[in-house]
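What follows is a short report on a single structure.
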Amino acid sequence: MKLDELYALLRRRGFLWPTAEIYGGAQGLYDYGPLGTALKRRLEEAWVSWFVGRSPDYYRIEPAEIVPEAVVRASGHLENFTDPEITCDACHATFRAETVLEKVRPNGIDGLAPAQIEEVVRSHQVRCPSCGSTALSVPAAFNLMFDVPFGVARTERAYLLPETAQASYLAFARMWEVGRKALPLGIAVVGRVYRNEIAPRQVLFRLRSFTQAELQIFFDPEEPPGHLGSLADEKVPVLRAERRERGEGSVELVPARELVAGGLPEFYVDHLVHLLRFLRDVLRYPAERIRFFEKSDKERAFYNRLQFDAEVYTESLGGFKEVGAVHYRGEYDLRRHAEGSGKDLSVSRGTDRRLVPHVLELTFGVDRNLWTLADVLLGRDGDRTVFRLPAYLAPVAVGVFPLIAKEHRAVAEALTEQLLAAGIPAEYDEASSIGKRYARMDEAGTPFCVTVDGGTVGEGPEHGTVTLRSRDTKGQERVPAAELVARLAPALRPPRPSGS
RNA sequence: GCGGGCAUAGUGUAGUCUGGUCAUCACAUAGGCUUGCCAAGCCUAUAACCCGGGUUCAAAUCCCGGUGCCCGCACCA
């Protein structure tokens, strides 16, 4: 579907709508309605189950959404707010761009975009003032944080959290104790973050307040987490940076073992495959719509040693869009916060080693994936509109209908109560024709519909049975009502990782 | 942030150029009759000119400002 059509459908059905809609809306802010809220919760649960559930040493925390200025100063978010920086990829030193470029641009660099500053650096063969290397890069200028006057007198400066990852870095020291000093240590956050985006657009794809699900895995590079094992033959759809630079833009399906043989660390490939399986097998994006886009040295943030963005092809947004990523961030973040806080964030390993743990970051945009799921799984099938969500993601698991309202209402309502009591999200509907009720449920993504009819309430052989209708096949079968819970429950649990 | 386009019931729309009936039609939603397993039919009802100012006897229509959405550029730390 086109963007406008998909958005109208999601609005009409109460998945989401603009914040402060009656006042004309607010750029980059959307509210989730009943169906959207439920879908988002299930998406988050599925992510937690798949990623945090992978190891007993992975923990989920819930941080505050406001951080003191010192935090964003140490993380590098604040400095970039005002002055573009130049960083040296060789010695990791950081300088103000204006200072480094003083000689070649005596008039300053005001108004230049980071990419243009980088062009100046390259064309003048500028060298690192510290080590003399020409491997300089210019991180994009950051000006997107919401600042918050803090304290009763409003004299302290604080910021709305711009990325959940920072909260995990802040929690590392405490979690090192809580997790009883084990590496790898995983710290996951599913939470709201805030960025004052210059041009919010495309509904859920660039928001000013959105939800990230991120898992930071702190590990000892000598004992990295993850072994391919049985997943070594899994074919990964990759778009390698090197091939792109040669002008070959097509996706290759490369077995995981070959990516390792080609030089990528095994633990990194392991997590790429794990993410691939989540997108393909848990969220059910068609395999051909998924690709991993490798960012080159120049494209990725300087602190990332490796970066593959997970992208999914969307029709409404006209191409592959980033929905998640795997970043190997090295020790950059803990080192910065150790410097900023004055706390030693290195840990001891064995009897005579200390190290600052490295970080593997798995990121997942919850809102973006909600949109992408709708884009990919919500569509027309003949004259009906069907949202083919996996059952465990569906906002409503079962629609319960009386075939004839006044005759079957009581039994159908009682059945709805039984399902709800068993923890199955059920919704009763007696309005309009049976076909229209099925259609409404198809649109909402409800995988199952149960209809109470004359057979159910009669004394014949069908007594106590109902029809169970499948959203995807439209097929029906008669099932004893008493068996519904046992029948449906397994399909409603999100998959957990296995076999890796 | 710059440039372009757009804004009419819940949804999609007609009307705007050329100001002048009660703002068109379909679907939707609610109630009733009928039917009784895939958006059926009939009757009734609900419901809109994005916001603010201006011009005019009269503004959905013309002008100004704002807000929002889409597209391109830039940005995406």
Side-chain angles (χ1 to χ4, degrees), chain A residues 2-14 17-30 33 72 75-81 84-85 87 111-116 137-145 162-163 165-166 193 195-203 205-208 210 295 299-304 309 316-318 321-322 325 327 365 368 380-386 399 401-408 430-443 449-456 466-471 473-478:
Chain A
K2 294 288 173 211
L3 185 144
D4 287 343
E5 188 186 1
L6 184 56
Y7 180 34
L9 175 56
L10 294 175
R11 256 193 340 256
R12 179 166 57 76
R13 288 308 309 259
W17 54 77
T19 294
E21 191 177 12
I22 61 170
Y23 286 93
Q27 274 187 39
L29 299 176
Y30 292 87
V72 290
S75 68
H77 289 103
L78 189 58
E79 288 134 40
N80 294 333
F81 186 97
E85 288 180 340
T87 60
L112 290 187
Q116 294 171 304
S137 60
V138 182
F142 171 75
N143 58 357
L144 304 179
M145 281 195 297
E163 63 174 14
Q166 293 307 321
V193 295
R195 303 180 190 182
N196 200 2
E197 291 285 354
I198 297 166
R201 212 168 280 188
Q202 296 184 317
V203 196
F205 258 74
R206 199 178 302 166
L207 296 165
R208 285 184 169 154
F210 60 100
K295 291 293 183 75
E299 291 165 330
R300 65 179 180 250
F302 66 93
Y303 48 73
N304 275 338
D309 288 347
S316 60
L317 305 175
K321 303 293 283 186
E322 181 192 348
H327 301 149
R368 287 182 165 196
R380 299 206 193 302
D381 172 24
D383 56 357
R384 66 178 187 146
T385 303
V386 193
F401 314 143
L403 185 59
I404 302 170
K406 57 193 165 206
E407 290 176 28
H408 310 131
E430 63 169 49
S432 54
S433 73
I434 191 79
K436 203 170 264 192
R437 283 177 261 167
Y438 285 143
R440 277 197 286 259
M441 287 296 172
D442 287 343
E443 215 171 54
C449 290
V450 163
T451 300
V452 171
D453 59 15
T456 317
V466 294
T467 59
L468 178 63
R469 180 259 195 187
S470 151
R471 176 196 64 202
T473 64
K474 295 167 81 174
Q476 286 186 10
E477 57 180 313
R478 281 208 90 86

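Here is how names work: the chains are called A, B, and so on, in the same order as the sequence lines, proteins then strands, and each is numbered from 1. The shown structure was predicted, so the numbers you read here are calculated from the model rather than taken from an experiment.
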Kindly say whether A:Ile198 contributes a backbone atom to a donor-acceptor pair with the side chain of A:Arg206 at under 3.5 angstrom?
-> no

Row check, A:Tyr7 ring normal vs A:Arg11 NZ/CZ: under 6.0 Å, within 45° = yes

Checking all strands, does A:Asp442 fall into the base, sugar-phosphate, or nothing category for heavy-atom contacts under 4.0 angstrom?
-> nothing

Salt bridge (charged side-chain N to carboxylate O under 4.0 Å, His left out) between A:Glu322 and A:Lys295: does it pass, once the steps are laid out?
-> CA-CA 12 Å; A:Glu322 181 192 348; A:Lys295 291 293 183 75; 5.3 Å; no

Using the P atoms only, state how far B:rU11 lies from B:rU29, rounded to an integer number of Å.
-> 14 Å

Any A:Thr467 side-chain N or O less than 4.0 Å from OP1/OP2 of B:rC37 = no

Give a yes or no on whether a donor-acceptor pair under 3.5 Å exists between the nucleobase atoms of B:rC37, that is its base, and the side chain of A:Asp453.
-> yes

Side-chain contact, heavy-atom cut-off 4.5 Å: A:Arg437 with A:Pro402?
-> yes

Rounding to the closest angstrom, what is the interatomic distance between B:rG53 and B:rA60 at atom P?
-> 14 Å

Got a second to check how far A:Phe205's CZ is from A:Leu3's CG, nearest 0.5 Å?
-> 10.5 Å

Euclidean distance, atom CD of residue A:Glu430 to atom P of B:rG36 [Å, nearest integer] = 18 Å

Hey, is A:Arg471 close enough to A:Asp381 for a salt bridge, meaning N to O under 4.0 Å?
-> no

Quick one: A:Arg437 CZ to B:rG36 P, roughly how many Å, whole number?
-> 14 Å

Please write out the pairs of protein N or O atoms and N or O atoms of nucleotides 6-11 of chain B separated by less than 3.5 Å, giving the distance to one decimal.
none

Provide the closest heavy-atom pair for A:Asp453 versus A:His408 in the form atom of the first, atom of the second, distance.
-> C-NE2, 3.5 Å

Side-chain-base donor-acceptor pair under 3.5 Å for A:Arg469 and B:rC38 | yes

Rounded interatomic separation in angstrom, taking CG from A:Leu144 and P from B:rG1 | 12 Å

Spacing of the C1' atoms in B:rA30 and B:rG20 (rounded, Å) = 35 Å

Taking C-beta and beyond as the side chain, do A:Ser432 and A:Arg440 meet within less than 4.5 Å on heavy atoms?
-> yes

Roughly, in whole Å, what's the span from CZ in A:Arg384 to C1' in B:rA40?
-> 18 Å

So how far is it from A:Glu5 CD to A:Ser316 OG, rounded to the nearest 0.5 Å?
-> 10.5 Å

Between A:Glu299 and A:Ser470, name the one whose nearest nucleotide on RNA chain B is closer to the 5' end.
-> A:Ser470

Separation of A:Glu443 atom CD from B:rC27 atom C1', in whole Å?
-> 12 Å

How far does the C1' atom of B:rC69 sit from the matching atom of B:rU8, given to the nearest Å?
-> 15 Å

Atom P, compared across B:rC63 and B:rG5: separation rounded to whole Å | 13 Å

Atom CG of A:Asn196 and atom P of B:rG1: how far apart are they, to the nearest Å?
-> 9 Å

Could you give the CZ-to-C1' distance, from A:Arg206 to B:rC71, as a whole number of Å?
-> 13 Å

Distance between C1' atoms of B:rU44 and B:rU34 (Å, rounded) = 15 Å

Using a cut-off of less than 4.0 Å, is there contact between a side-chain N or O of A:Gln202 and OP1 or OP2 of B:rC71?
-> yes

Is there a donor N/O on one and an acceptor N/O on the other, under 3.5 Å, for the side chain of A:Tyr438 and the base of B:rC37?
-> yes

Taking for each residue the nucleotide of RNA chain B bearing the nearest heavy atom, is the 5' side occupied by A:Leu317 or by A:Pro18?
-> A:Pro18

Contiguous pairing runs of three or more, Watson-Crick or G-U under 3.5 Å, that involve RNA chain B | B:1-7 with B:67-73, B:10-12 with B:25-27, B:28-33 with B:41-46, B:50-54 with B:62-66

Nucleotide B:rA77, atom P - distance to CD of A:Glu197 in whole Å | 9 Å

Could you give the distance separating B:rA59 and B:rG54 at their P atoms, to the nearest angstrom?
-> 12 Å

Protein and nucleotides 29-33 of chain B: nitrogen or oxygen contacts under 3.5 angstrom:
| residue | atom | partner | partner atom | Å |
| --- | --- | --- | --- | --- |
| B:rU29 | OP1 | A:Arg440 | NH1 | 2.9 |

From the list B:rC2, B:rC75, B:rG36, which nucleotide is the closest neighbour of the side chain of A:Leu403?
-> B:rG36

B:rC75, B:rA39, B:rC37: which one has an atom nearest the side-chain heavy atoms of A:Ile434?
-> B:rC37

Using a cut-off of less than 4.0 Å, is there contact between a side-chain N or O of A:Gln27 and OP1 or OP2 of B:rG68?
-> yes

Is there a side-chain contact between A:Lys321 and A:Arg368 (heavy atoms, below 4.5 Å)?
-> no

Under 4.5 Å between any side-chain heavy atoms of A:Arg384 and A:Tyr438, yes or no?
-> no

The salt bridge (Lys or Arg N to Asp or Glu O under 4.0 Å) partner of A:Asp442 among A:Lys474, A:Arg469, A:Arg380 is A:Arg469

Do A:Asn304 and A:Glu299 have side-chain heavy atoms sitting under 4.5 Å apart?
-> no

Compare all side-chain heavy atoms of A:Asn196 with those of A:Arg208 and state whether any distance is below 4.5 angstrom.
-> yes

What interatomic distance, in whole Å, is found between C1' of B:rA28 and the corresponding atom of B:rC64?
-> 37 Å

Choose from B:rC38, B:rG72, B:rG36 the nucleotide whose nearest atom is closest to any side-chain atom of A:Arg201.
-> B:rG72

For the side chain of A:Ile198, counting heavy atoms from C-beta on, which of B:rG1, B:rA77, B:rC69 is nearest?
-> B:rG1

